[in-house]
Amino acid sequence: MALSYKARRRWALVILVIGLPLYIAVAWWAVGTLERPNVLVELAIYLGLGIVWALPFKFIFKGIGQADPDADDERDQNS
């Protein structure tokens, strides 16, 4: 079942405003529980975690910055 454009925009907002700060806090806590690794290893961990969070949500964020594709259809039907 595909989400509508408006639903994807709403979910993207929820993910960015609520989910991302929670993910950052959990990642920060998880890395903090480890013994202090080398600076490059720590940087690699944070970069990896920074990319991994977005992979499951790729389908939600795809095309969000573009105009609503359904808006053209509604204008054509009303004319």
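As the structure is a prediction and not an experimental result, all values here were calculated from the model.
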**Study point:** Contact summary for A12 and F61, nearest pair of heavy atoms
**Key:**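 Distance-wise, the nearest heavy atoms are CB-CE2, 3.5 Å.
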Exercise for review: Grab the two heavy atoms, one from I18 and one from P21, that are nearest each other, plus how far apart they are.
Suggested key: O-CD, 3.4 Å
Practice item. Classify the ring geometry between W53 and Y23 as parallel (under 30°), tilted (30 to 60°) or perpendicular (over 60°). Key: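 Aromatic pair W53/Y23 classed tilted.
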Measure the [atom1]-[atom2] distance between [X] and [Y] for me, rounded to the nearest 0.5 Å.
X   : Y   : atom1 : atom2 : answer
D68 : K6  : CG    : NZ    : 6.5 Å
I51 : Y46 : CD1   : OH    : 15.5 Å
L43 : L47 : CG    : CG    : 4.5 Å
R8  : I60 : CZ    : CD1   : 9.0 Å
F59 : W11 : CZ    : CH2   : 9.5 Å
L16 : F57 : CG    : CZ    : 9.5 Å

Review point. Any side-chain heavy atom of L20 sitting closer than 4.5 Å to one from I15?
Key: no
**Study point:** side chain to side chain contact (heavy atoms under 4.5 Å, CB included) assessment of V31 paired with L49
**Key:** CA-CA 10 Å; V31 173; L49 289 173; 4.2 Å; yes
Review point. Can you list every salt bridge (charged side-chain N to carboxylate O under 4.0 Å, His left out) pair that touches residues 17-37, not counting sequence neighbours?
Key: R36-E42
Review point. Which pairs count as salt bridge (charged side-chain N to carboxylate O under 4.0 Å, His left out) when at least one residue sits in residues 51-64, sequence neighbours excluded?
Key: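 Those involving residues 51-64 do not exist here.
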Exercise for review: For side chain to side chain contact (heavy atoms under 4.5 Å, CB included), just list the numbers for L22 and V26, CA-CA rounded to whole Å, side-chain angles, deciding distance to a tenth of an Å, and then say yes or no.
Suggested key: CA-CA 6 Å; L22 287 174; V26 169; 5.5 Å; no
Review point. Are V41 and V52 in one and the same hydrophobic cluster, where Ile, Leu, Val, Met, Phe, Trp and Tyr link if side-chain heavy atoms are under 4.5 Å apart?
Key: yes
